[in-house]
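First comes the structure, then the notes that go with it.
Predicted model only: the values in this text are computed from it and were never measured. Just so it is clear: chains get the letters A, B, ... in the order the sequence lines come, proteins before strands, and each one is counted from 1.
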Amino acid sequence: EAGVTQFPSHSVIEKGQTVTLRCDPISGHDNLYWYRRVMGKEIKFLLHFVKESKQDESGMPNNRFLAERTGGTYSTLKVQPAELEDSGVYFCASSQDQGGRKFFGPGTRLTVL
Amino acid sequence: QKEVEQNSGPLSVPEGAIASLNCTYSDRGSQSFFWYRQYSGKSPELIMSIYSNGDKEDGRFTAQLNKASQYVSLLIRDSQPSDSATYLCAVTDGSSNTGKLIFGQGTTLQVKP
């Protein structure tokens, strides 16, 4: 069974540019989470989808971040325009149930110059 | 703000010894508790989950939970060099039913041959 995949693995962009990160959850997992780890800090929750619906987006830093999960399959997280403080590793996780085991993807390392 | 506290380490133990990793959390409403292992540049991997007070053993790993003290620990017996990694403590947010996790910064474990 394929795990959670994320693309790209690394992205280096300049301040002000736009970047879109993609997450493909494990097939059949309705729950999809985005997390972020900024350098030197702990992994922090960004938002949670159940199928295509946003259940909780309380962790989204500001309106420069837009997450979508059209069709309830893969998800994208767009940052527009990117700022220096957006640099970090963005993780995606999926689970069958909300309380169930969460499987994490390898993360996308975003560097904003 | 809800927090999970871990000693960042590094915790260094000789091969074959017991490694003891500790974690405290601030949210009394947290119901589920997890230990993830993360190798450098890889995704966090769930190694233990615990939901009620007491000990839970799985192979060389034992998780301990004390809700009154808001304390979670992980014991690794017969430590191996392959156990060298960062160990992340995570708890569910007690004010949310979405299963979102609050992470500690992680403890780096070094097992010396």
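Crowding of B:Lys67 atom NZ: a count of heavy atoms from other residues, nucleotides or ligands under 6.0 Å exceeding 12. For A:Lys44, the NZ atom counts as loosely surrounded, since its 6.0 Å shell holds 12 or fewer non-hydrogen atoms of other residues, nucleotides or ligands. Residue B:Phe61 qualifies as enclosed at atom CZ: its count of foreign heavy atoms under 6.0 Å is above 12.
Minimum interatomic distance between B:Ser43 and A:Gly105 (heavy atoms only, all atoms of both residues): CB-O, 2.8 Å. In plain terms, the two heavy atoms of A:Phe91 and B:Lys42 that are nearest each other are CE2-O, 4.3 Å.
In the hydrophobic clustering of this structure, B:Phe34 groups with B:Phe103; members are Ile, Leu, Val, Met, Phe, Trp, Tyr whose side-chain heavy atoms approach within less than 4.5 Å, directly or through other members. Note: the hydrophobic cluster containing A:Val79 also contains A:Phe49 (ILVMFWY, side chain heavy atoms under 4.5 Å, direct or indirect links). A:Val89 and A:Leu46 fall into different hydrophobic clusters, where Ile, Leu, Val, Met, Phe, Trp and Tyr are joined by side-chain heavy atoms under 4.5 Å apart, directly or via other members. Residues A:Met60 and A:Leu110 share a hydrophobic cluster, clusters being chains of Ile/Leu/Val/Met/Phe/Trp/Tyr side chains in contact below 4.5 Å. Hydrophobic cluster membership differs between B:Tyr39 and B:Leu74, with clusters built from Ile, Leu, Val, Met, Phe, Trp and Tyr side chains linked at under 4.5 angstrom.
Between chain A and the residues B:Ile102, B:Thr98, B:Asp93, the largest count of heavy-atom pairs under 4.5 Å involves B:Thr98. Counting heavy-atom pairs closer than 4.5 Å to chain B, the top-ranked of the candidates A:Arg109, A:Gln6, A:Lys41, A:Arg101 is A:Arg101.
Taking OG from B:Ser96 and CD from A:Gln55, the interatomic distance works out to 9.0 Å, rounded to the nearest 0.5 Å.
For B:Gln6, no part lies under 4.5 angstrom from a heavy atom of chain A. With a threshold of 4.5 angstrom between heavy atoms, A:Ser9 does not approach chain B through any atom at all.
Taking the side chain as every heavy atom from C-beta outward, A:Lys102 and B:Tyr36 approach each other to under 4.5 Å. Side-chain contact check for A:Asp56 versus B:Lys100: some heavy-atom pair is nearer than 4.5 Å.
Looking only at distances, a side-chain donor or acceptor of A:Tyr35 sits under 3.5 Å from a matching main-chain atom of B:Leu101. Panel note: side chain A:Arg37, backbone B:Gln105; a donor-acceptor pair is recorded below 3.5 Å.
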